[in-house]
Protein chains: 2
Amino acid sequence: MMQAVSRQTLQRLPDYLNCIKSLQEKGILTVSAKTVAEILGLGEIQVRKDLASVSTGGKPKIGYVTTELIKDLEIYLGYHDSRDAVLVGAGKLGRALLSYGGFKEYGLNIVAAFDTKGEEIENDSTYSKIMSIDCLADLCRRLKIRIGIITVPSAYAQEVCDMLVQNGVLAIWNFAPTHLHVPANILVKNENMAASLAVLSQHLSKKLLEEH
Amino acid sequence: MMQAVSRQTLQRLPDYLNCIKSLQEKGILTVSAKTVAEILGLGEIQVRKDLASVSTGGKPKIGYVTTELIKDLEIYLGYHDSRDAVLVGAGKLGRALLSYGGFKEYGLNIVAAFDTKGEEIENDSTYSKIMSIDCLADLCRRLKIRIGIITVPSAYAQEVCDMLVQNGVLAIWNFAPTHLHVPANILVKNENMAASLAVLSQHLSKKLLEEH
DNA sequence: TAGATTGTTAATCGATTAACAATC
DNA sequence: TAGATTGTTAATCGATTAACAATC
């Protein structure tokens, strides 16, 4: 038990957590892999294996104690020890992510935002300052920032990426629709909206063909 | 040749297109799978197989004619015949997507946005109207909308989803961090930011452990 | 005890990679 | 012609699914 977690499994864990939390809110005290599988439309065995990889609390006949499983998932996902991040590119998307606020729940804390020209902007609850990109190097080093979020136009993404990596960032969340080159030990996670659209579009093409 | 395209392949196609377009802008007239593979950091054989699945233009020793390959990719991805979509939920994220504008390039045209209370908002270039959710059913049917984008809070996502499906929507792009239940012939593509964060966070945990 | 549910080991499936013949 | 690059067929790899023993 407690084997290595594949990337696929890892990406399903937040869904499990979500699902189990909502069961808890309904007052349900124990939960089985079968229940979760049915709610999420996944295979029962897959869920069982995934859960076994992050928790040892499973009891035959009973399942998992809801509160414990939630705790195990949150710990595994690092939702407790929050991580500081910076965001570069305060355009529409960048500002939307900044003001979203929901990332804190996932252990992500955006401590600063940068753009070519610094300025003050208003958020929902707080005023935050968008700093000039000239301050990036210093701030990343001083606060030991390890996560960078890139929301600049494609043409500038590589440049920004290099700057982040040079100043200690180890993981990059890239919203620019472009491929970034990084050293081997740096992770780039692309939020690839064009890829998502491709999936939607192909499904639609198939369905519309079927209509005839 | 021209075999069925797997979902993995499909999701790589926009990256290929992007890459090849930027080569074209540099004045490069033909391109080989090897070149694309090196730029994107993928396997050469994988790229070759992927490209073969959407284009028959490959010539030994030469590769693909850049302009033709771009055309084949764009046609396959449906970037030419633009598809109308509606967006539901005009919060920060919803407005960011509305004003992004870049989706048109990918053949997606957001023709209307809905929220519980209708209102006028200002965009970059145009004023667009956010309509009351009461108008959704009528508009979707009248314009034969087939794509719905959900950017409402989790608690309302299923309700909105049901409404869209009831009014003819066949594909849903879901930004709410929740699992949606739909009939078998409807596709839901989740833009799962929590899953992305899980990947970033785990990488970071590993790296930070290594530092000791 | 009986039965539901767990965790694990083996089988299947699909995607990636390797090998290679075809060809411009 | 020679060599680079294609497309295809076979081998490998990893994830999912099936089967089943263990156990509360």
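Bear in mind the structure is a predicted one, so any value in this text is a computation, not a measurement. The basis for the numbers below is simple: all heavy atoms, side chains too, and nothing from hydrogens, waters or symmetry mates. Each chain gets a letter, A, B and so on, in the order the sequences are listed, and its residues count up from 1.
The CG-P distance, from B/Leu51 to C/dT16, rounds to 14 Å in whole Å. Nucleotide C/dG7 holds its C1' atom 15 Å from the CG atom of A/Leu69, rounded to whole Å. In this structure, B/Asp50 atom CG and D/dT8 atom C1' are separated by 15 Å, rounded to whole Å. Rounded to a whole Å, the NZ atom of A/Lys49 is 15 Å from the P atom of C/dT12. Protein atom CZ of A/Arg7 is 18 Å distant from nucleotide atom P of C/dA15, rounded to whole Å. Between A/Leu10 atom CG and D/dT16 atom C1' the separation is 17 Å, expressed in whole Å. Atom CD1 in A/Ile45 sits about 13 Å away from atom P in C/dG7, given to the nearest Å. Rounded to whole Å, atom P of C/dG7 lies 16 Å from atom NZ of A/Lys34.
Considering only residues two or more places apart in sequence or on other chains, B/Glu44 meets the salt bridge (charged side-chain N to carboxylate O under 4.0 Å, His left out) condition with B/Arg48.
In the displayed structure, B/Tyr156 atom OH is contacted under 6.0 Å by at most 12 heavy atoms of other residues, nucleotides or ligands.
B/Lys61 comes within contact range of at least one nucleobase, with a heavy-atom separation under 4.0 Å. Nucleic acid contact class of A/Arg12 (heavy atoms, under 4.0 Å, all strands): sugar-phosphate only.
For B/Gln8, whose side chain is taken as the heavy atoms from C-beta onward, the closest listed nucleotide among C/dC24, C/dA15, D/dT23 is C/dA15. Ranking C/dT5, D/dG7, D/dA10 by closeness to the B/Ala52 side chain, first place goes to D/dG7.
Side-chain atoms of B/His203 come within 3.5 Å of backbone atoms of A/Asn185 as a donor-acceptor pair (strictly under, hydrogens ignored). Although no hydrogens or angles enter the test, the distance criterion places a donor-acceptor pair under 3.5 Å between the side chain of A/Ser99 and the main chain of A/Arg95. At least one donor-acceptor pair closer than 3.5 Å links the side chain of A/Thr66 to the backbone N or O of A/Thr30. At least one donor-acceptor pair under 3.5 Å links the side chain of B/Arg146 to the backbone N or O of B/Gly168.
A sub-4.0 Å separation between OP1 or OP2 of D/dT16 and a side-chain N or O of A/Arg48 is absent. An OP1 or OP2 oxygen of C/dG7 is reached within less than 4.0 angstrom by a side-chain nitrogen or oxygen of A/Tyr64.
For the residue pair A/Gln158/A/Asp162, the side-chain donor-acceptor check at 3.5 Å is satisfied.
Comparing A/Gln46 and A/Ile62 by the nucleotide of DNA chain D whose heavy atom lies nearest to each, the residue mapping closer to the 5' end is A/Gln46. When each of A/Lys59 and A/Ser6 is assigned the nucleotide of DNA chain D with its nearest heavy atom, A/Ser6 is the one assigned upstream, toward the 5' end.
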Dot-bracket for DNA chain C, 5' to 3', counting Watson-Crick or G-U wobble pairs under 3.5 Å, with [ ] for crossing pairs and | for inter-strand pairs?
..||||||||||||||||||||||
